[in-house]
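The next block holds one structure in the form of structure tokens; read it before the comments.
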Amino acid sequence: MVLKYGGKEAKTTTKKGVLDAEWNERFLLNLITSKEGADLEVRCMDHDIGQKDDFVGKCLVPASDLQNLAMEGTAEMEVLLNMHIRDIHGKEDEFKADLRVDMARAMGGHPELIRVVGVHAGSIIARVALDPGASKDGRAFGEVIKDLQHQCKDESSVLKQGKYTQRVKDIKEIRVGTEPVEPFRKSLNLLAETGNKAVIGKDGQVAVLEL
């Protein structure tokens with residue numbers, strides 16, 4: 001599989017001797033707003049040793065679809081910590097980065113798909129967003145948040161072992177969206193009946209593809 005986006009190209013590994021390949025590979029693509037090169041092209045190629053690879057088929061995902069998929073499938077929650085805003089004075093960026101890593105570890109997920117989008121003054125309430133694919137095991141957002149809420153009450157949980165998350169008092173669900181897997185999966189199935197998974201996520205301006 002060859003991905004072309006924004007003037008750059010990425011390739012999956014070659015699966016030999018199979019017609020129902022599953023790659024389980026992940027790509028991060030910076031979303032761009034300019035018209036040129038903003039569509040994502042996915043090409044399926046048949047590998048030939050010593051010869052030029054044969055073209056099998058391709059699909060084109062419009063830039064508007066990428067943006068819509070990235071924006072729609074997110075969830076947000078408020079994380080209340082037993083800390084005061086002065087505790088992280090001058091270290092806000094470090095706090096956000098460490099909190100992302102701690103949250104990802106607690107939910108068995110990807111830090112790059114977890115965003116700390118705001119921190120309220122006074123007792124710290126961090127607004128945290130989850131993007132599609134944030135949980136490595138594919139759990140729905142609602143399940144992930146309920147599990148984190150349970151971990152808040154368990155001092156032996158993974159959440160309570162983190163640098164900052166050990167001080168989490170409560171987690172409140174704000175909004176849960178749907179994970180937009182199917183539209184892109186259908187596009188990939190135009191290439192071949194492989195049953196591959198495809199997820200578009202968003203981390204600031206990042207799209208995530210799982211093949």
Side-chain angles (χ1 to χ4, degrees), residues 26-31 66-185 197-210:
R26 195 174 185 87
F27 300 87
L28 296 181
L29 308 173
N30 289 324
L31 291 179
L66 286 177
Q67 294 285 351
N68 290 336
L69 289 172
M71 291 294 290
E72 290 174 3
T74 61
E76 289 190 4
M77 57 186 171
E78 284 188 342
V79 180
L80 174 63
L81 295 93
N82 187 21
M83 298 173 62
H84 195 274
I85 197 70
R86 61 174 173 267
D87 295 335
I88 61 170
H89 179 66
K91 301 184 294 183
E92 291 87 353
D93 290 342
E94 176 189 336
F95 167 77
K96 290 181 179 181
D98 287 342
L99 185 62
R100 282 174 54 194
V101 172
D102 288 348
M103 295 294 291
R105 187 180 298 115
M107 60 184 281
H110 302 282
E112 70 273 14
L113 295 179
I114 299 172
R115 294 173 288 125
V116 181
V117 296
V119 178
H120 299 281
S123 295
I124 293 180
I125 301 177
R127 195 176 183 97
V128 178
L130 305 178
D131 294 319
S135 175
K136 291 180 181 178
D137 58 11
R139 287 180 297 166
F141 290 135
E143 286 184 59
V144 171
I145 295 175
K146 284 181 180 178
D147 178 58
L148 292 172
Q149 290 170 333
H150 178 74
Q151 290 191 50
C152 287
K153 304 170 185 177
D154 181 1
E155 293 299 323
S156 64
S157 67
V158 176
L159 182 74
K160 287 294 186 176
Q161 310 311 308
K163 178 179 178 180
Y164 290 112
T165 53
Q166 62 179 296
R167 302 175 72 172
V168 171
K169 293 174 60 178
D170 191 24
I171 293 178
K172 178 182 178 183
E173 179 184 301
I174 300 175
R175 179 181 61 82
V176 173
T178 57
E179 297 196 29
V181 176
E182 282 306 314
F184 198 81
R185 190 200 304 274
K197 291 190 296 183
V199 178
I200 302 296
K202 184 169 177 291
D203 179 17
Q205 288 293 312
V206 172
V208 178
L209 303 177
E210 274 188 2

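Everything quoted here is computed from the prediction, not taken from an experiment. The basis for the numbers below is simple: all heavy atoms, side chains too, and nothing from hydrogens, waters or symmetry mates.
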Closest approach of [X] to [Y] (non-hydrogen atoms, all atoms of both residues):
| X | Y | result |
| --- | --- | --- |
| Val158 | Ala106 | CG1-CA, 3.7 Å |
| Cys152 | Lys160 | O-CE, 3.0 Å |
| His110 | Ala104 | C-CB, 4.0 Å |
| His89 | Glu92 | CA-OE2, 3.9 Å |

Exercise for the section: Starting from the C-alpha separation in whole Å, work towards a yes-or-no answer on side-chain contact (heavy atoms from CB on, under 4.5 Å) for Lys163 and Val101. Expected result: CA-CA 9 Å; Lys163 178 179 178 180; Val101 172; over 6 Å; no
Would the distance check show the side chain of [X] and the main-chain N or O of [Y] forming a donor-acceptor pair, the cut-off being under 3.5 Å?
| X | Y | answer |
| --- | --- | --- |
| Arg167 | Asn82 | yes |
| His84 | Arg86 | yes |
| Gln149 | Val144 | no |
| Glu173 | Ile145 | no |
| Lys169 | Met83 | no |

Practice task
Please determine which of Thr165, Asp102, Asp147 meets the side chain to side chain contact (heavy atoms under 4.5 Å, CB included) test together with Leu159.
Solution key: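 By the side chain to side chain contact (heavy atoms under 4.5 Å, CB included) criterion, Leu159 pairs with just one of Thr165, Asp102, Asp147: Thr165.
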Exercise for the section: Go through the steps to decide whether Val116 and Met103 satisfy the test side-chain contact (heavy atoms from CB on, under 4.5 Å), and finish with yes or no. Expected result: CA-CA 10 Å; Val116 181; Met103 295 294 291; over 6 Å; no
Spatial distance of atom [atom1] ([X]) from atom [atom2] ([Y]) [nearest 0.5 Å]:
| X | Y | atom1 | atom2 | answer |
| --- | --- | --- | --- | --- |
| Ile88 | Ile124 | CD1 | CD1 | 4.0 Å |
| Met107 | Glu143 | CE | CD | 11.5 Å |
| Arg100 | Tyr164 | CZ | OH | 14.5 Å |
| Ile171 | Ile125 | CD1 | CD1 | 12.5 Å |
| Lys153 | Asp170 | NZ | CG | 7.5 Å |
| Lys172 | Arg127 | NZ | CZ | 9.5 Å |

Practice task
Flag the pair Phe95 / Leu81 as yes when at least one side-chain heavy-atom distance between them is below 4.5 Å, and no otherwise.
Solution key: yes
Problem - Stepwise side-chain contact (heavy atoms from CB on, under 4.5 Å) check, Met77 with Leu130 - result: CA-CA 8 Å; Met77 57 186 171; Leu130 305 178; 4.0 Å; yes
Exercise for the section: Take atom CG of Asp154 as the centre, draw a 6.0 Å sphere, and report whether it contains more than 12 heavy atoms from other residues, nucleotides or ligands. Expected result: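 Count over threshold, so yes.
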